[in-house]
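The next block holds one structure in the form of structure tokens; read it before the comments.
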Amino acid sequence: MAEDNQNGKNGNRLGLLERVKAGVKEDVQSLKTDLPAKAKDQVEHLKDPTKTQVYTSIFRHKHDDTPRNRALGVLSNVFLHLHPAKINRDAVRYSYTWGMGGITFYLFIVLTFTGVLLMFYYHPTKVQAFRDVLYLEHDVPFGKLLRNMHRWAAHLMVIAVWLHMFRVFLTGSYKKPREFNWNIGVLLLVFTLLLSFTGYLLPDDQLGFWAVTVGTNMARATPLLGHEGPFGHMLGMTPYNDVRFGLLGGSIVDANALLRSYIWHCIGIPIVASVLMIVHFWRVRKDGGISGPAPVMLESEVKEPK
Amino acid sequence: MDWRQLWEIASAPDNVPIVGMIPLLAFYIYLAWKQAKANDELIGELEASPAMAKTHHRKSWPFRPGWSKEVHVWPFLLRIEFLAAMIVTIILMVWSITLSAPLEEPANPNLTMNPAKAPWYFLGLQEMLVYFDPWIAGVVMPTLIIIGLMVIPYIDTNPLGSGYYTWKQRKFAIGTFLFGFIVLWISMIIIGTFIRGPGWQWFWPGQTWDHNRLIYEVNRDLPDLFGIASNWAKAVFGAIVVGGYYLVGGFVAHGLFRRYNPKDYKRMSLLQYSIMMFFLLTMVGLPAKMLLRLAWHIKYVWITPWFNV
């Protein structure tokens with residue numbers, strides 16, 4: 001036992017050294033052989049990056065040109081999945097759609113982007129607002145371009161919304177089953193105008209100030225709820241508690257009006273409008289996609305209810 | 001002809017959108033009209049021969065044999081969307097580089113702008129202020145426009161013309177919409193933009209704005225023309241006139257609608273019909289009141305202690 005132990009001990013001692021030596025040798029050997037082999041493998045692997053785990057974890061399907069992959073490209077993408085995989089071949093005709101709904105949405109995105117950037121430089125206070133605009137115009141790199149783009153995109157959006165409504169009306173696209181979505185659209189049109197109008201005051205210049213003064217002066221005359229409106233005084237309306245006071249946060253267009261305008265413009269209305277947009281797009285799909293160009297229907301084919 | 005004045009108005013940065021919108025609108029009306037005409041011709045052909053209607057294609061874009069009925073969204077729709085986004089971006093970029101957003105003096109409550117104009121898209125409403133009190137022009141009318149637009153799908157019972165451009169099958173609906181949108185809304189914006197000058201007075205395009213011009217125009221109230229003096233009589237008289245407008249106008253409109261749109265008339269319920277008539281007459285009431293003002297200098301028709309119409 002003792003001998004065994006000693007032998008074992010000696011053997012162990014010697015063995016350890018031997019084994020470490022052998023091990024290191026093996027490691028070195030493996031580095032010499034495996035590393036180039038692995039490197040070669042890696043290079044081969046990198047030649048086809050679509051097979052890497054990173055890639056396949058991001059893109060859930062292959063991209064070779066098959067009908068299935070074309071469909072999956074739309075359906076498995078969160079930004080594109082509002083589209084169907086396939087649509088009627090006529091439905092992409094520009095002369096039918098005018099593309100104004102999509103352009104409106106794109107302009108909303110442009111306005112959100114430029115608007116967020118403008119918010120970095122703007123304080124909604126009487127002291128700073130106008131100076132911030134001057135600062136943007138003259139000192140901030142591309143500040144003038146940013147403000148111009150925001151302004152013109154807003155005007156363009158109003159035009160695009162009107163043309164969109166015009167097209168939808170002319171093609172009778174509000175008819176069954178799209179009645180509800182037309183209503184959402186009307187609300188979105190109103191919110192587009194309100195977004196533009198609330199933004200008008202923000203530079204705090206003469207143009208915005210008087211436009212908003214003229215605009216909100218009409219609220220004085222609101223029936224029942226305005227202090228100069230029909231029956232307003234009977235309900236106890238004064239300049240200090242009527243609907244105009246609520247809009248402006250005061251009886252004149254001043255600091256509170258600027259702040260309220262800012263909050264409605266940057267937070268309140270965009271959130272409401274975004275929610276309505278989600279419903280609008282969702283309903284376009286649920287109501288059967290884009291309305292046409294549909295086959296024409298003849299008078300004689302109308303089924304008259306009894 | 002004051003070209004400088006005209007140029008100053010047309011090139012004011014905030015007027016550029018409406019200047020640009022006019023040709024844009026003309027183009028799209030032309031585009032819609034062209035397609036409506038093609039569809040109407042097709043409808044005419046098919047209605048003329050029922051045998052042909054059974055087999056013939058139903059679109060003015062004929063479908064060729066061998067074409068697939070549907071196309072993939074990727075790339076056939078997405079490439080259009082991408083292209084549209086690029087074009088809009090380029091237009092915006094060029095516009096923003098070449099034309100600066102307006103910035104006036106700092107806001108000053110003591111220095112009134114003359115004329116103080118609303119943004120161009122609200123100038124139709126501001127123009128209405130000439131003819132109506134603010135509670136109508138600024139509050140009631142916009143509300144009625146919104147509600148009026150919203151009820152359209154529920155009062156238009158015509159099942160034809162859903163999903164294609166047509167004029168023949170929807171003359172009344174399209175005619176009414178064009179009247180409201182183009183004749184009233186857009187043209188009043190154009191008047192507000194190009195014609196209204198200091199004091200919201202009428203200056204023809206190219207006429208120099210005269211800040212000192214005064215117009216000695218005496219507007220009268222309708223009851224005064226009839227020598228009605230007492231407040232109660234005025235209120236009753238106005239109610240009769242306004243009510244009479246809706247009754248007589250409604251009767252005339254009823255006669256016309258029943259004659260020219262018998263099928264729509266038959267399809268509509270009482271509620272649908274009366275809502276349509278109310279909005280139609282209210283819309284026509286706007287130019288009617290404008291006519292009263294322009295032709296006979298009538299300010300108010302209905303005078304009460306609480307409100308005037």
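So that the names make sense, note that chain A is the first sequence line, chain B the second, and so on, each numbered from 1. Below, all heavy atoms of this structure are taken into account, side chains as well, without hydrogens, waters or symmetry copies.
- Of the listed residues (A:Glu228, A:Met165, A:Lys126), the one with the most heavy-atom contacts under 4.5 Å to chain B is A:Met165.
- Heavy atoms closer than 4.5 Å to chain A are found in both the backbone and the side chain of B:Ile97.
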Hey, mind stepping through B:Tyr164 and A:Ser291 against side-chain hydrogen bond (donor to acceptor under 3.5 Å, both in side chains) and telling me if it holds?
-> CA-CA 8 Å; B:Tyr164 52 91; A:Ser291 61; over 6 Å; no

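- B:Arg170 is not listed as a side-chain neighbour of A:Leu170, based on a closest heavy-atom distance of 4.5 Å or more.
- Of the residues considered (A:Met297, A:Arg89, A:Arg178), A:Arg89 shows the highest number of contacts with chain B, using heavy-atom pairs under 4.5 Å.
- For chain A, no part of B:Ile87 is nearby; none of its heavy atoms comes within less than 4.5 Å.
- The side-chain heavy atoms of A:Ile159 and B:Pro17, taken from C-beta on, include a pair separated by under 4.5 Å.
- Of the two parts of B:Phe122, only the side chain, counted from C-beta on, holds a non-hydrogen atom closer than 4.5 Å to a non-hydrogen atom of chain A.
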Any chance you could lay out the side-chain contact (heavy atoms from CB on, under 4.5 Å) test for B:Met93 and A:Met149, step after step, and finish with the verdict?
-> CA-CA 7 Å; B:Met93 276 283 180; A:Met149 272 189 88; 4.1 Å; yes

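- Among the candidates B:Lys69, B:Glu70, B:His72, B:Lys34, the residue making the largest number of heavy-atom pairs closer than 4.5 Å to chain A is B:His72.
- The contact between B:Thr112 and chain A is made by backbone and side chain atoms together, counting heavy-atom distances below 4.5 Å.
- Remark: A:Arg167 fails to qualify as a cation-pi partner of B:Tyr165 under the 6.0 Å distance and 45° angle criteria applied to the six-membered ring.
- Proximity to chain A (any heavy atom under 4.5 Å) is restricted, for B:Ile80, to the side chain, taken from C-beta onward.
- The distance from the CH2 atom of A:Trp182 to the CE atom of B:Met150 is 11.0 Å, given to the nearest 0.5 Å.
- Listed options A:Gly102, A:Gly229, A:Pro67 were ranked by heavy-atom pairs under 4.5 angstrom with chain B; first place goes to A:Pro67.
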Step-by-step side-chain contact (heavy atoms from CB on, under 4.5 Å) determination, B:Gln35 to A:Ser95 | CA-CA 8 Å; B:Gln35 294 173 83; A:Ser95 52; 3.8 Å; yes

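- Side-chain contact check for A:Arg70 versus B:Val73: every heavy-atom pair is 4.5 Å or farther apart.
- Per-residue counts of heavy-atom pairs under 4.5 Å with chain B were compared for A:Gly232, A:Ser196, A:Ala71, A:Gly208; the largest is that of A:Ser196.
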Criterion side-chain hydrogen bond (donor to acceptor under 3.5 Å, both in side chains) on B:Trp74 and A:His83, from CA distance to verdict = CA-CA 9 Å; B:Trp74 174 274; A:His83 297 93; over 6 Å; no

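- To the nearest 0.5 Å, atoms CD (B:Glu45) and CG (A:Leu298) are separated by 11.5 Å.
- A distance of 12.0 Å separates CD1 in B:Ile146 from CG in A:Asn183, rounded to the nearest 0.5 Å.
- Ranked by non-hydrogen atom pairs under 4.5 Å with chain A, the options B:Pro13, B:Ser60, B:Pro153 are led by B:Pro153.
- The shortest side-chain heavy-atom distance between B:Asp14 and A:Tyr200 falls under the 4.5 Å cut-off.
- Taking 4.5 Å as the limit, every side-chain heavy atom of B:Val71 sits out of range of all side-chain heavy atoms of A:Asn88.
- Contact annotation for B:Gln169: only side-chain heavy atoms (C-beta onward) come within less than 4.5 Å of a heavy atom of chain A.
- Between chain B and the residues A:Gly215, A:Pro84, A:Ala129, A:Ser173, the largest count of heavy-atom pairs under 4.5 Å involves A:Pro84.
- In this structure, the portions of B:Ser68 lying under 4.5 Å from any heavy atom of chain A include both its backbone and its side chain.
- Only the side chain of A:Leu80 comes within contact range of chain B, with at least one heavy atom under 4.5 Å from a heavy atom of that chain.
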Under the ring-ring contact (aromatic ring centres under 6.0 Å, His included) rule, what do B:Phe181 and A:Phe166 come out as? Steps first, then yes or no, please.
-> CA-CA 8 Å; B:Phe181 182 56; A:Phe166 193 39; 5.1 Å; yes

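- Residue B:Trp67 touches chain A through both its backbone and its side chain, counting heavy-atom pairs closer than 4.5 Å.
- No part of A:Arg131 comes within reach of chain B, as not one of its non-hydrogen atoms sits under 4.5 angstrom from that chain.
- A heavy-atom distance below 4.5 Å is not found between the side chains of B:Pro142 and A:Met218.
- Salt-bridge formation is not detected for the pair A:Glu299/B:Lys168: no Lys NZ or Arg NE/NH1/NH2 atom is positioned less than 4.0 Å from an Asp or Glu carboxylate oxygen.
- The structure places CZ of A:Arg147 at 5.0 Å from CG of B:Leu103, a figure rounded to the nearest 0.5 Å.
- For chain A, the nearby parts of B:Asn158 are the backbone and the side chain; heavy atoms of each come within less than 4.5 Å.
- Ranked by heavy-atom pairs under 4.5 Å with chain A, the list B:Trp167, B:Trp306, B:Tyr121, B:Trp185 is led by B:Tyr121.
- The shortest distance between side-chain heavy atoms of B:Asn108 and A:Phe209 does not fall below 4.5 Å.
- Of the atoms belonging to B:Val140, it is side-chain heavy atoms, and not backbone ones, that fall under 4.5 Å from chain A.
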Go through the steps to decide whether A:Leu207 and B:Met113 satisfy the test side-chain contact (heavy atoms from CB on, under 4.5 Å), and finish with yes or no.
-> CA-CA 8 Å; A:Leu207 195 65; B:Met113 297 256 284; 4.0 Å; yes

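- In terms of heavy-atom pairs under 4.5 Å with chain A, the best-connected choice from B:Pro106, B:Ala53, B:Ala173, B:Gly161 is B:Pro106.
- Looking only at side-chain heavy atoms (C-beta outward), A:Pro223 and B:Val139 come within less than 4.5 Å of each other.
- The choice from A:Trp152, A:Trp98, A:Tyr96, A:Tyr94 that makes the most heavy-atom pairs within less than 4.5 Å of chain B is A:Trp152.
- Note: B:Leu77 CG to A:Ile87 CD1 = 4.5 Å, rounded to the nearest 0.5 Å.
- For B:Leu111, the parts sitting under 4.5 Å from any heavy atom of chain A are the backbone and the side chain alike.
- Atom CZ of A:Phe231 has more than 12 heavy atoms from other residues, nucleotides or ligands within 6.0 Å.
- With a 4.5 Å cut-off on non-hydrogen atoms, B:Tyr154 touches chain A through its side chain but not through its backbone.
- For chain A, the option among B:Ala107, B:Ser162, B:Ala118, B:Pro102 with the highest count of heavy-atom pairs below 4.5 Å is B:Ala107.
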Please walk me through it: do A:Val296 and B:Asp40 pass side-chain contact (heavy atoms from CB on, under 4.5 Å)?
-> CA-CA 9 Å; A:Val296 297; B:Asp40 286 349; over 6 Å; no

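- Neither the backbone nor the side chain of B:Ile145 has a heavy atom closer than 4.5 Å to any heavy atom of chain A.
- In summary, of the residues considered (A:Lys176, A:Glu179, A:Lys175), a side chain to side chain contact (heavy atoms under 4.5 Å, CB included) with B:Asp156 occurs for A:Lys175 alone.
- From B:Ser96, atom OG reaches atom CZ of A:Arg151 across 12.0 Å, with rounding to the nearest 0.5 Å.
- For B:Pro305, no part lies under 4.5 angstrom from a heavy atom of chain A.
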